[in-house]
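Working notes for the structure below.
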Amino acid sequence: MADAASRTGSRSWVDVLAPIALLIATASACQYLTDELRAGLHSDSALKSVLAAVALQEGRLVPHSWTFANGDILTTTPYAVLIPLQDLFGMSFDTNAAAVIICLLAMLGALYGLARSISPGPRSQAFVTCALAACAMSSANLEFITAQGAYSLYAALAFLLFSLLLRPASGLARWMPAVLSFLLAASNPMRAWVAVLLPAILAHMAVVLVPVPGQDQTRRAGLAGLVPMPVLSLVAGAAAGHLVYALVIMPEVQNFDAAARISPASVEHIRQVASRLPGDWFGYFQIAGAWSSLSIAMRLLQLGVWVIACAIPVAPAVAILSRRTSPALKHAAWLTYALLASGLLPLVVLEGLYQGTMEVRYATLGILLGVTVLPALAYQLRQTPRRGPYRWTAGFLLIIATATSFAWQDSATPVTADVRGVNLRQRMALVDMLQEQRVGTAVATYWNSHVLSVLSSGTVMVNPVGYGERLAPFAHHVPNEPLHGSAGPLEAVILSDTELSADGGDAVIEQLGEPRAKLKSGSFNVWLYGAGTAAKIFAVGHRFDAPVAPDMVAIESSPALPSCGEDHCSVRLHVRNRGRLPLATAGKVPMRIGLRGLGKDGQLLSDLGRVDFQVPLQPGQSDDLVARIGTIPPEVASIQACLLQEQVQWLCDRTGPADDPSVVPLEQAADPASVGVVLTGPGPSACKASPGVQCRTHLTIRNTGRFALNGPGSRPLIVGFRARKPDSVGGGLTEGRVMLPQPLGAGAEATATITLEAGDAGLDYQVCVLQEHVAWLCERTTYGDVPPTALDQPADPDLVGVVLTGPGFSACAQSKRASCRSTLTIRNVGKLPINGLGSKPLVIGYRRTTASPGSRAGEGRITLPHPLGAGAEVTVAITLEADQAGQAFQVCLLQEHVAWLCDKTQGPAPALP
């Protein structure tokens, strides 16, 4: 169908301008990727560099120590190109951008070939198509195609496949569709079948089966016409790729499948999404913000882009119905509709996919193929030699492509804040601080993680975590073990001001302890820790990737007592690991504590939620755990806490009650003489009235009675507070309860946080121990610190004893570092306080096993945060400096100036020679 001009070799102005516009658009995209993108880089764009680092460490294209998302192993993205680049030049922003540019050029080359297969007239048709693709046509396409490259290499493979279906090859090249479909299916078969392969098959069937007036109908005859060799080759390659993916690749990798939450949509959902999609279609093609914020020139450009957006779904129908268009163009038109349907229809008929305008990106292949149809349709509709409509249509498209390309210039600068309020200058200042502090390893929330790793060129590897009740590895696009950079041995927790605003970092301190230092860089808070901190968060060496034998695990747990607000409840537990394996919430089938609601008759009513282990809980070690769950149904009478292995089994038979003898169910009124507490600290009365602002305060409680506080039973002993409201606000009494992290045994002490709503602050509160449904026992409540028993004489050995658990000094036996940090759990099983008053107090000491008898060289004492009463327990951090790490120590109870009481110490302590 070439016209006279093309036959004689004459060239029009479109033929001259089209390649120039393509060069401008491509150069503009490359300039954006090497300059502006640095300011707008985020973790979705940066993660491929981190994944490439993991792949190079393992020597595998698909690394096993990485958690992928939705089954996409990223082998059809710039990640595949980045591996050899990063192996040669190292991790950096420049290598990341180079890989994306290579894939963008590959997509443009494949799109050029597809355009030539659709309409072999003047080459300007293909140049116009590629110019529109290079300019991206919208800020959304600029992100997903150009910046992230999520659809560049993938689209290149798909367009090559489509070209071979439109113009079948001969010889060995007949099997090229099998190779291409194999690569697509082996990266993610579900995506390949839905987004590429089934649309290609359906489009071919439509071409064969749907009659078009004036066209040759002989193609419809016979099985060979319905299933030709290219389609057979496509199906064979896709089936092979699917099998390799399912049988070879996925059994070895970890995957987070958000698609598991997808379900068929309700009629109401279908109606709502279908009504919103037309508006979202135009919203997806926005180039620079809302209409009201655009200048006159930008509004004209936006109108031009929207004209193209309108033409993309309309032009294929014209191509199908016209007698003038070629069979190849009709095939491309059917394929455009099939691709648009595969991207948009699931948003309508499935719940869990549609989130808003950005979901239109799933129709990217259909959009790009629709752009390919536009110049070909304009060229083929007029048969006259001049073809004026084609030239003016092509000219309009070239103007839009060129102008849009220039619109991206200077769109981001080092001081341009992203949607989270952070700019490049702030991130680079943070990187400089981390390098100066010799921090080589850090953790941060996802959007501040991979981007910092790439901007630092791998000197600081920032591993993605989530922050709620604890720091935990992010759900996907995350290494299974933390990566370490070259800047130094220290580690850091990086959280923004917004992320810390909820609790001030209390959950971090509860999980990891106090940091060595708290630094500030702009809106970032940098808390410095020693080596091994990230390994604790990621539970290195303690992942559960397969079912565990039940007899290897067991816990003791305090009763699950909720503290509820208007829209949620918090549940705290005190648990001890009584099994033979460390317990960690990490791996394909992690260990957790499940919460189940029981009725008054003990029957199971509902699954209330989960409690994660903050760090690996070693055998014999205890920890206080907390989880935030939804509201508790009114029919739930009690909560059962059970150890469980996710997706494997509930282990309620391996979950026992805490063995503190003072923790007993109270079903009757307790003898007041057996109850007593000592309260210290500011308490609720310290809260000052401030309109609309909550107040957080704390209170330290020591149990001086015989029964545990916050224990089980229908009439537990707890600490409550009450006050009378002024008449100006309606008068009456207001009261509340102090929620403890676990039952507070006899002699134990705990500090609890109290949160008062704005309307309850500024009152004069009375704080007392009380027995629920019985009486307030304010006469058994003492205010002010009552000192524990003072020891000025040798203690009776029958009245003392401790149990030591946890890693202790043995964790530092092989340490070669400058210092070593570990923990030790101390439980007082005697009747006298440890770390109390007097000239001869009981303390916990340690000494080198190689020390000479009677020598004090190598001795030390373990400092406790407060006197440890009878029955109480505490976990403390211990630090060994360089001259101590790697030596063997004995840890024992001792009475100062009297004797070491190692025979009254239970725990793994090596004996003196």
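Atoms considered below: every heavy atom in the structure, side chains included; atoms not considered: hydrogens, waters and symmetry mates.
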Task: R543/E481 ion pair, N-O < 4.0 Å - done: no

Task: V571 vs L595, side chain to side chain contact (heavy atoms under 4.5 Å, CB included): CA-CA, chis, key distance, verdict - done: CA-CA 9 Å; V571 175; L595 303 175; 4.0 Å; yes

TODO: Identify the two heavy atoms, one from E268 and one from R271, that lie closest to each other, and give their separation to 0.1 Å.
DONE: OE2-NH2, 2.6 Å

Open item on the list: For a 4.5 angstrom cut-off between non-hydrogen side-chain atoms, does R737 reach E735?
Closed with: yes

Open item on the list: I'd like to know if D760 and K725 make a salt bridge, using a cut-off of under 4.0 Å between side-chain N and carboxylate O.
Closed with: yes

Task: From CG (D72) to NE2 (H476), nearest 0.5 Å - done: 12.0 Å

Open item on the list: Please identify which of these residues, V738, I701, I718, meets the side-chain contact (heavy atoms from CB on, under 4.5 Å) condition with L709.
Closed with: I701

Task: Distance-minimising heavy-atom pair for Y765 and A723 - done: CD2-CB, 3.5 Å

- [ ] Check whether any side-chain N or O of D623 sits under 3.5 Å from a backbone N or O of V615 as a donor-acceptor pair, and report yes or no.
- [x] no

Task: Main-chain N/O of F707 paired with N703 side-chain donor or acceptor, under 3.5 Å - done: yes

Task: Validation row: K588, E646 side chains within 4.5 angstrom (heavy atoms) - done: no

- [ ] Kindly write out the residues that satisfy salt bridge (Lys or Arg N to Asp or Glu O under 4.0 Å) with D44, not counting sequence neighbours, or none if the list is empty.
- [x] none

Open item on the list: If you count heavy atoms of other groups shown closer than 6.0 angstrom to CD of Q668, is the number above 12?
Closed with: no

Open item on the list: I'd like to know if E772 and R715 make a salt bridge, using a cut-off of under 4.0 Å between side-chain N and carboxylate O.
Closed with: no

Task: Close side-chain approach of L605 and L598, heavy atoms under 4.5 Å - done: no

TODO: Flag the pair Q771 / V675 as yes when at least one side-chain heavy-atom distance between them is below 4.5 Å, and no otherwise.
DONE: no

- [ ] May I ask you to decide if K536's main-chain N or O and H542's side chain share a donor-acceptor pair within less than 3.5 Å?
- [x] no

Task: Shortest non-hydrogen contact from V462 toward A444 - done: CG1-CB, 3.6 Å

TODO: Would you check if there is a donor-acceptor pair between the side chains of R470 and Q614 at a distance under 3.5 Å?
DONE: no

Open item on the list: Closer than 3.5 angstrom, by distance alone: can the side chain of T585 be matched with the main-chain N or O of F613 as a donor-acceptor pair?
Closed with: yes

Task: Shortest non-hydrogen separation from T655 to S557 and the atoms involved - done: CG2-CB, 4.4 Å

Open item on the list: Testing the basics here: between A761 and C695, what is the closest heavy-atom pair and its distance to 0.1 Å?
Closed with: CB-CB, 4.5 Å

Task: Criterion side chain to side chain contact (heavy atoms under 4.5 Å, CB included) on F721 and T734, from CA distance to verdict - done: CA-CA 8 Å; F721 51 91; T734 181; over 6 Å; no

Open item on the list: Main chain of L495, side chain of N525: is a donor-acceptor contact present, judged purely on distance under 3.5 Å?
Closed with: yes

Open item on the list: Set out, in order, the CA-CA distance, both residues' side-chain angles and the distance that settles side chain to side chain donor-acceptor pair (under 3.5 Å) for Q621 and T805, then state yes or no.
Closed with: CA-CA 6 Å; Q621 196 173 23; T805 55; over 6 Å; no

TODO: Mind checking the CG-CG spacing from L471 to N463? Nearest 0.5 Å is all I need.
DONE: 12.0 Å

Open item on the list: For the CZ atom of F68 and the CG atom of N255, what is their distance to the nearest 0.5 Å?
Closed with: 8.5 Å

Open item on the list: Show the nearest heavy-atom pair for residues R576 and G620, with the distance to one decimal.
Closed with: NH1-O, 3.6 Å

Task: Short side-chain to backbone donor-acceptor contact, D545 and G587, under 3.5 Å - done: no

- [ ] Can you measure from CG (N480) to CZ (F538) and round to the nearest 0.5 angstrom?
- [x] 9.0 Å

Task: Validation row: L643, M591 side chains within 4.5 angstrom (heavy atoms) - done: yes

- [ ] Could you check whether the rings of H477 and W66 sit parallel, tilted or perpendicular, using 30° and 60° as the cut-offs?
- [x] tilted

TODO: Show your working on side chain to side chain contact (heavy atoms under 4.5 Å, CB included) between V348 and L344 and close with a plain yes or no.
DONE: CA-CA 7 Å; V348 179; L344 300 178; 5.9 Å; no

Task: Polar side-chain atom of E491 near backbone of Y529 as donor-acceptor pair, under 3.5 Å - done: no

- [ ] Answer yes or no: does atom CE of M358 have more than 12 heavy-atom neighbours from other residues, nucleotides or ligands under 6.0 Å?
- [x] yes

Open item on the list: Can you confirm whether S622 sits close enough to R827 that some side-chain heavy atom of one is under 4.5 Å from a side-chain heavy atom of the other?
Closed with: no

- [ ] Might you work through the side chain to side chain contact (heavy atoms under 4.5 Å, CB included) test for L770 and L717, ending with a clear yes or no?
- [x] CA-CA 6 Å; L770 66 100; L717 292 168; over 6 Å; no

Open item on the list: How long is the straight-line distance from CD1 of I509 back to CD of E514, given to the nearest 0.5 Å?
Closed with: 4.0 Å

TODO: State whether the side chain of D497 and the backbone N or O of E499 hold a donor-acceptor pair below 3.5 Å, judged by distance alone.
DONE: no

Task: Cationic N near anionic O, under 4.0 Å, D612 to R592 - done: yes

Open item on the list: Any side-chain to backbone donor/acceptor pair from Q645 onto V548? Under 3.5 Å, distance only.
Closed with: yes

Task: Spatial distance of atom CD (Q148) from atom NE2 (H42) [nearest 0.5 Å] - done: 5.0 Å

TODO: Taking the side chain as every heavy atom from C-beta outward, state whether Y446 and V465 have any atom pair closer than 4.5 Å.
DONE: no

TODO: Please check if the side chain of S266 supplies one atom and the backbone of H269 the other of a donor-acceptor pair under 3.5 Å.
DONE: yes

Open item on the list: I want to check something: taking the side chain as every heavy atom from C-beta on, are L617 and L625 in contact at a cut-off of under 4.5 Å?
Closed with: no

